[in-house]
There are 4 protein chains.
Amino acid sequence: MQDKEWLEELLEMGSRDEKLSPKQKKILEAAVEIFSEKGFAASSTSEIAKRAGVAEGTIFRHYKTKHDLLISIVVPTWTKIITPLLAKSFVKEVFKKNQYNQAEDFLRALLTNRLEFAKKHLPILKILLQEIPFQEELKEQFTSIFTEHIYVQLQKIIEHFQQQGDIIDLPSKTVIRMILTTGIGFILTRLFILPDAQWDDEQEIEHTIQFMLYGLSGKEDS
Amino acid sequence: MQDKEWLEELLEMGSRDEKLSPKQKKILEAAVEIFSEKGFAASSTSEIAKRAGVAEGTIFRHYKTKHDLLISIVVPTWTKIITPLLAKSFVKEVFKKNQYNQAEDFLRALLTNRLEFAKKHLPILKILLQEIPFQEELKEQFTSIFTEHIYVQLQKIIEHFQQQGDIIDLPSKTVIRMILTTGIGFILTRLFILPDAQWDDEQEIEHTIQFMLYGLSGKEDS
Amino acid sequence: MQDKEWLEELLEMGSRDEKLSPKQKKILEAAVEIFSEKGFAASSTSEIAKRAGVAEGTIFRHYKTKHDLLISIVVPTWTKIITPLLAKSFVKEVFKKNQYNQAEDFLRALLTNRLEFAKKHLPILKILLQEIPFQEELKEQFTSIFTEHIYVQLQKIIEHFQQQGDIIDLPSKTVIRMILTTGIGFILTRLFILPDAQWDDEQEIEHTIQFMLYGLSGKEDS
Amino acid sequence: MQDKEWLEELLEMGSRDEKLSPKQKKILEAAVEIFSEKGFAASSTSEIAKRAGVAEGTIFRHYKTKHDLLISIVVPTWTKIITPLLAKSFVKEVFKKNQYNQAEDFLRALLTNRLEFAKKHLPILKILLQEIPFQEELKEQFTSIFTEHIYVQLQKIIEHFQQQGDIIDLPSKTVIRMILTTGIGFILTRLFILPDAQWDDEQEIEHTIQFMLYGLSGKEDS
DNA sequence: AATGAATGAGTATTCATTCAT
DNA sequence: CATGAATGAATACTCATTCAT
């Protein structure tokens, strides 16, 4: 069964919160809460200090500016977001030829895993989503993460599936867009847009996978 | 050729900006620019006044509060967003049975039209997107617009296509999600996430439509 | 009965509101209301305009400044306040010698009449009272009215009563202070400090007069 | 001679300004000055900050709002105003029967002491006087202080004097009004209305006491 | 005469940040 | 390390007053 070993790699890797003093932890927690509740610009450091139970000055001992605090929260999240794609055995596994249902398994693993991840890190992801358009720094980080990791990894995988005939021969750029759009669209709808609707996650994931597979199979009722 | 009349209805309806004094127009324009550049909370009324070329007090003669100004910008946009679905002949046309390629035409018309719309109203849509999570008022408006107009209209249409056998028999809720997610995902990627990439809009729209149609056809390579 | 003629003189003299346009009247009424409710400094011209049902600009067509409006309200009141002392027959009458109970009648007439007056002009008097300490102009007007009219008239009368032996031989300055303090103190208590207590005005006036008369008689239990 | 001990109790009790930082003290001093010069509403926090020699923000670190600052100034004054009536030995002493000139001594002590007090706290008393009509909070405090302390204490004393036959048998409510009106009237005239006149305080106090005593003796020249 | 849009200085209050303790 | 008093620039909003219509 070690042929499923790569699935395990999808799990969180080193989520080492490093050595943060308890006060520093409290500050980060409070900041995440408040930033995600009211948005970065509308949050005040004094409120964060109050909720963290520290003095106003303490925040600035650890983070030079409010903007610094935001970055400190958000940056370590990038790695976590793309964790599965960084797993050593991940790509290798996908490339084992002639596996039945390989594309399907891949999508299911990815979607399931990232949904769980998003559930766990909801507030930070909300902050990220909200602030990327306004913080040049984050925008650049996003671009480099996307092009250097997400895009190249997915491209390899997609092209592999295309060679296997699992996926239609569209430009990989387009295929990647479809997959990400559908996957992220599901997660966003599930967690941000209609979190209160009644969801059967397992079933909805299956529908979504089928939608992607059919959509990319390039064959219609003949 | 009047069987394509409904397509024309997709075009903007009355976008009368009502009777705004020139100063008021300047204020709105400046506000839209600045809100979309820095976000609502990070925008200052003094900067808006400066860019609009009016005194700061003038803003508050027309809009009681900064929040009021935001609402005044954003609310009239709701109607414009759902304009096509409100068109009288729109649904009627879709329901004419036995039309070949009907679902495809529907998706193409919708996607093309809403992309054009989004291109024209980029900054306001950005504001809307950014502020819905933080402005209770906007959240409520979104919910009611979605459930009362978008969802019900699309549901009728989807069920019609399902009866015709064009679309697989999944819950209409799920089908609507796929279509919206894919369509909106395309528009967002095109205009917000990677606006600077090289896009062949026409072709990309065709790919997207094929993706949706195959994805919802329920048939795979046989 | 013409020996009581002077009493009638105590009544309002020319309360000619001059020729004020209806809008002007509305403005004055609104200003009096609002100034007395919130104080001059805390009242805004825009609120006055709103309550008067006129445009903001209209106020400034009639009164150069907000301060001007205050003065226009308050100045004509000075004359009304000292009306009784200005009555031609008033002093003459008091000087008719050998009238029994003359001092008592004088005090009763004065007190009754000024209480009625104060009841009728409560809001304006409140404004006057509140603003004298802060408006140099009003302070000066008060001083000149007091020294030129109130003080001199009362002095004559008091000295007359002293010569008749009705009143003790204290400095008239002191006697005037006692009378005014007691009289005004009664009116203020009655109308401003404890307006909601149950008052039997007639009886309370009698007590007050007796208090002044005994107090100034210079005789104690012997 | 400990029979005059209660007189000493009339003196200020604990006027501990608590532990105020020097900046806080400066702020309070400046605020008292400016509020009493121009009135609360017409005073600006920026002017207070300037005169106190602190940054404007510093005011709001110590007092949440401008209104808060007013209250912080004015509230501790209530206790000081009624200090003599709170003195333990005060009432006891008054009640020692058969003392010659007891009522007279009482009035003299009260008047002298409160005049000194008013001289020392002129500006705060001016603020209090001016703002009671506009600050609901102060109005309520005044009412409760008056009914719970001033009125009840004076009533006991007045009724005691009435039983001794020192004072006429009018309703105590009325007697209290006469005494307060005359006393406060004297202090106001002395300090607020004609502060620049030439006053022989000792003599004027004696006249005022005689006026009250005669006025309340209920006996006239027979 | 009357309007009300426009002004810009002024308002109370908040903010991120500094620094002496 | 941590505090919290202090800062002063910035904020949203109000105001008395002007002026073209």
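In what follows, every chain begins at residue 1, and chains take the letters A, B, ... in the order their sequences are listed. Scope of the values below: all heavy atoms of this structure, side chains included, with no hydrogens, waters or symmetry mates.
- Remark: Thr45(A) is in phosphate contact with dA16(E), judged by side-chain N or O atoms under 4.0 Å from OP1 or OP2.
- Straight-line distance from the NZ atom of Lys66(B) to the C1' atom of dT14(F): 17 Å, rounded to whole Å.
- Judged purely by atom type and a 3.5 angstrom limit, Lys126(D) has no side-chain atom pairing as donor or acceptor with the backbone of Phe192(D).
- Rounded to whole Å, the distance from NZ on Lys23(D) to P on dA20(E) is 13 Å.
- At the phosphate of dA1(E), neither OP1 nor OP2 sits under 4.0 Å from any side-chain N or O atom of His62(C).
- Listed by residue number, Val54(D), Ala55(D), Gly57(D), Thr58(D), Arg61(D) are the residues of residues 46-61 of chain D with a heavy-atom contact under 4.0 Å to DNA chain F.
- Rounded to an integer number of Å, the gap from CD of Gln24(A) to C1' of dT3(F) is 16 Å.
- Nearest heavy-atom pair, Thr45(A) versus Ile59(A), reported as atom, atom and distance to 0.1 Å: O-CD1, 3.4 Å.
- When the C1' atom of dT7(F) is taken as reference, atom CD1 of Ile27(D) falls 12 Å away, rounded to whole Å.
- Counting to the nearest Å, the C1' atom of dT17(E) and the NE2 atom of His67(A) are 16 Å from each other.
- The residue Thr65(A) sits close only to the backbone: its heavy atoms come under 4.0 Å of sugar-phosphate atoms, none of a base.
- Between Lys25(C) and Glu29(C) there is no salt bridge, since no side-chain nitrogen of the basic residue lies less than 4.0 Å from a carboxylate oxygen of the acidic one.
- Relative orientation of the His67(A) and Phe40(A) rings is perpendicular, given thresholds of 30° and 60° on the angle between their planes.
- The backbone N or O of Ser44(B) lies less than 3.5 Å from no partner atom in the side chain of Lys38(B), so there is not a single donor-acceptor pair.
- Distance check, rounded to the nearest 0.5 Å: NE2 of His121(A) to CD1 of Ile127(A) gives 12.0 Å.
- Lys25(B) has its NZ atom 18 Å from the P atom of dA5(E), to the nearest Å.
- Distance from the side chain of Ser44(C) is smallest for dC15(F) among the nucleotides dA2(F), dA16(E), dC15(F).
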